[in-house]
Number of protein chains: 2
Amino acid sequence: MHRSAYDTMDKLLRMLKALADPTRVRIIQLLQKRDELCVCEIVDTLQLPQYSVSRHLGILKAAGLVVDWRQGKWMHHRLDPDLSKQDRAVVAAVCARADAEAVHRQDARRLRQHLRPRVKGEVVERKC
Amino acid sequence: MHRSAYDTMDKLLRMLKALADPTRVRIIQLLQKRDELCVCEIVDTLQLPQYSVSRHLGILKAAGLVVDWRQGKWMHHRLDPDLSKQDRAVVAAVCARADAEAVHRQDARRLRQHLRPRVKGEVVERKC
DNA sequence: GTGTCATATGCGCTTCTGTGCATATGATAC
DNA sequence: GTATCATATGCACAGAAGCGCATATGACAC
């Protein structure tokens, strides 16, 4: 079985569909700035129900934009570091375009208040 | 009545939703290469029903990505030349990413066969 | 084992989107 | 006026997507 050209076209479309949602743009925007975040930080920042954020993260992951890993009880998320240059360019263009939005400036401010303290990349404080 | 920040966020989302469809990516891709096309050229190139292409062009227009104008019986379309730099960058990134797709190489070939002859930008041949 | 915290997911519901068909509109030629 | 060509659109239907609620899972502490 070989990878047909369709695979990559589908990936592009999953990516674009994933980006075509306000909540997911906000999430991607946060991840672009902070390179890794756990779910509770995103929940606190976006002020949306946990299940909603979780669902959207799942979609971003299925689209290949985001990867996650577990650290204790926390799930961490970052933009997939293995994204192709061109995929990354799409994400960057969307973020650049979204950067001016009032919502995102507000999110950025709230994120600073809700970031869990980290030591060498590891979250050290215990409470969400 | 003033333009709220929401307007521009909505525009971004309309744009992203408009781009999140295979047919519309193909159309945008063609318009990026040729700068202006009429509906019948796109229909012939994509080999899709006329009403389908027409609908998708309508969506691209509503999203502010495309503008159209009439020349006799023909409707011409081009990427909106007044797109902001950042909006244009998003489109460009998507096109660059889509460029490698087999579908688009095929479309580009078919378009060459179906382009109506032009003199100074005006379509001169009468038949679709 | 129990309890708790962080996160994910199944289900029902509603809303949005794309498609196909038929038909309408708009411009031109006669 | 009629006929024809190019394009748009109303409608019905099917499938997808997002939401809210409740609940499940997974890791840890005890």
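Numbered from 1 within each chain, the chains take letters A, B, ... in sequence-line order. If you're wondering where the values come from, they're calculated on a predicted model, not measured in any experiment.
Here the P atom of nucleotide D:dA17 and the CG atom of A:L19 are 14 Å apart, to the nearest Å. One atom, CZ of B:R116, and another, P of D:dC5, lie 14 Å apart when rounded to the nearest Å. C:dA6 atom C1' lies 16 Å from atom CH2 of A:W69, rounded to whole Å. Between the CE atom of A:M75 and the P atom of C:dC5 there is a distance of 20 Å, rounded to whole Å. Atom C1' of nucleotide D:dT9 and atom CZ of B:R55 are separated by 6 Å, given to the nearest angstrom. If you take NZ of B:K61 and P of D:dT7, they are 14 Å apart, rounded to a whole angstrom. For the pair A:D68 CG and C:dA6 P, the computed distance is 17 Å after rounding to whole Å. C:dG18 atom C1' lies 12 Å from atom CG of B:L48, rounded to whole Å.
Nearest-nucleotide mapping onto DNA chain D: of A:S52 and B:L57, the residue sitting toward the 5' end is B:L57. Heavy-atom nearest nucleotides on DNA chain C were determined for B:D21 and for A:S54, and the one closer to the 5' end corresponds to A:S54.
In the set D:dT7, D:dA17, C:dA27, the nucleotide with an atom closest to the side chain of A:K17 is D:dA17. Of the candidates C:dT28, C:dT17, C:dA6, C:dA6 carries the atom nearest the A:W74 side chain, counting heavy atoms from C-beta on. Nearest to the side-chain atoms of B:C38 among the listed nucleotides C:dA6, C:dT17, D:dT7 stands D:dT7.
Between A:Y51 and the phosphate of D:dG20, there is a side-chain N or O to OP1/OP2 separation shorter than 4.0 Å. Within the 4.0 Å cut-off from OP1 or OP2 of C:dT7, not a single side-chain nitrogen or oxygen of A:H77 is found. B:H56 has no side-chain polar atom (N or O) that falls below the 4.0 Å cut-off from OP1 or OP2 of C:dT17.
Counting heavy atoms from C-beta outward, B:T45 and B:L30 have side chains that approach closer than 4.5 Å. Looking only at side-chain heavy atoms (C-beta outward), B:H104 and A:M9 come within less than 4.5 Å of each other.
The residue from A:K33, A:R105, A:R26 that alone fulfils the salt bridge (charged side-chain N to carboxylate O under 4.0 Å, His left out) condition with A:D99 is A:K33.
Of all the heavy atoms in A:D21 and B:L13, the pair that sits closest is C-CD2, 3.7 Å.
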Inset, instruction - Go through the steps for A:D44 and A:R110 under the test salt bridge (charged side-chain N to carboxylate O under 4.0 Å, His left out), then give the verdict. - result: CA-CA 8 Å; A:D44 289 348; A:R110 256 199 310 267; over 6 Å; no
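No hydrogens or angles were tested; on distance alone, nothing pairs the side chain of A:Q50 with the base of C:dA6 as donor and acceptor under 3.5 Å. Between the side chain of A:R24 and the base of D:dG18, no donor-acceptor pair under 3.5 Å is found.
Within the nucleic acid shown, B:I59 comes within 4.0 Å of sugar-phosphate atoms alone, with no base atom in reach, counting heavy atoms only. As judged by a 4.0 angstrom heavy-atom cut-off over every strand, B:R70 is placed among residues touching the sugar-phosphate backbone only.
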